[in-house]
Engineer: 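The following block contains the structure, expressed as structure tokens.
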Amino acid sequence: MPIVTTDDGCRLFVQVEGRDDAPPLMLSNSLGTDLHMWDDQAAEFAKHFRLIRYDRRGHGQSGTTTGPYSSELFGRDILAVLDALGVEKTNWCGLSMGGMDGQWLGAHAPDRIEKLVLANTHFHYADKAPWNDRLRFLKDHQLSEMVAANMERWFTKGFRERAPQKIEWMTKMFVATDHEGYMASVAAVRDIDFRDSNPTIKAPTLVIVGTQDPATPPAAGEAIAKAISGAKLVALDAAHISNVEQPQAFAKATLEFLLG
Ligand SMILES: O=C(O)CCC(=O)CC(=O)O
């Protein structure tokens, strides 16, 4: 089932791997990426799980609708995918925006979530100015003009130097993102506020931070882990897209938690 159509007519691109009878694990992409951001982990995860990947609205091969988007809209898209696949309850692993979706689901659809992995993510931006500046810039500039700054937030200098082919791959993914979909998603990130809802999350939770992440700094992940009762915290030596910069360490931490 590669396409799921939401109630408001948005076509979501979905990819399912692994055994049908294995426990489900759903992966969720970050801002300006698509489901291929998980390529380094997919084969390993699919050995243990029915792996569900999708492109969030406005990204990859999914459709774009008029923005601004919101956490609730993204959360309802995920529930539409789970319903279409007949999945009652899933494990969740999302990075950045994917972690924001995980926080929404954990609080608003607790009966659909087994365990949560929230990687390189945030719960609330007190200062909206950087997001509004980004939206203003994008009114008359292309995503391609943001590549250098983006790669500096996403990956450490050392990784950019030693893995140029990964940077090229992520750059292609970023500039292929639909301009309107990206802007509509930036508005959703700007407006997240899980301060009151995170303490209500009951699902066992692992929070992953990148020790050198300037986009969603470790302090944000530490605050999320503190707010969610019993949450575990793992720090990886990486910037924002930690599953690409530290693929094995990310997979190990996630599998130890989900299978433990
Ligand atoms: O990556 C995300 O999903 C949102 C957070 C962010 O700051 C992303 C970026 O660096 O553009």
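Here the structure is a predicted model, which is why all the values come from computation and not from measurement. Both counts, for ligands and for their atoms, begin at 1 and track the order of listing.
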Engineer: Thr6 vs Arg76, test: side-chain hydrogen bond (donor to acceptor under 3.5 Å, both in side chains). Steps then yes/no.
Structural biologist: CA-CA 8 Å; Thr6 63; Arg76 301 218 172 274; over 6 Å; no
Engineer: Is Lys166 salt-bridged to Asp39, going by a charged N under 4.0 Å from an acidic O?
Structural biologist: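 The answer is no: the pair does not qualify as a salt bridge.
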Engineer: Using salt bridge (Lys or Arg N to Asp or Glu O under 4.0 Å) as the criterion, point out the one residue from Asp77, Asp101, Asp178 that pairs with Arg56.
Structural biologist: Asp101
Engineer: Excluding sequence neighbours, so at least two apart, what forms side-chain contact (heavy atoms from CB on, under 4.5 Å) with Thr254?
Structural biologist: Phe45, Cys93, Val117, Ile208, Phe250, Leu258
Engineer: I want to know whether Phe74 and Trp104 have ring centres closer than 6.0 Å.
Structural biologist: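 Ring centroids of Phe74 and Trp104 are no less than 6.0 Å from each other.
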Engineer: Check ligand 1 against the protein and report each N/O to N/O distance under 3.5 Å, formatted as atom name, atom name, distance.
Structural biologist:
unit_1, atom_1, unit_2, atom_2, d
ligand 1, 1 (O), Ser96, OG, 2.7
ligand 1, 1 (O), His240, NE2, 2.9
ligand 1, 3 (O), Leu31, N, 2.8
ligand 1, 3 (O), Ser96, OG, 2.8
ligand 1, 3 (O), Met97, N, 2.8
ligand 1, 10 (O), Arg153, NE, 2.7
ligand 1, 10 (O), Arg153, NH2, 3.3
ligand 1, 10 (O), Trp154, NE1, 3.4
ligand 1, 11 (O), Arg134, NH1, 2.8
ligand 1, 11 (O), Arg134, NH2, 3.4
ligand 1, 11 (O), Arg153, NH2, 2.9

Engineer: Strictly by modelled atom types, are Ser197 and His108 linked by a side-chain donor-acceptor pair under 3.5 Å?
Structural biologist: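 Side chains of Ser197 and His108: no pair found under 3.5 Å.
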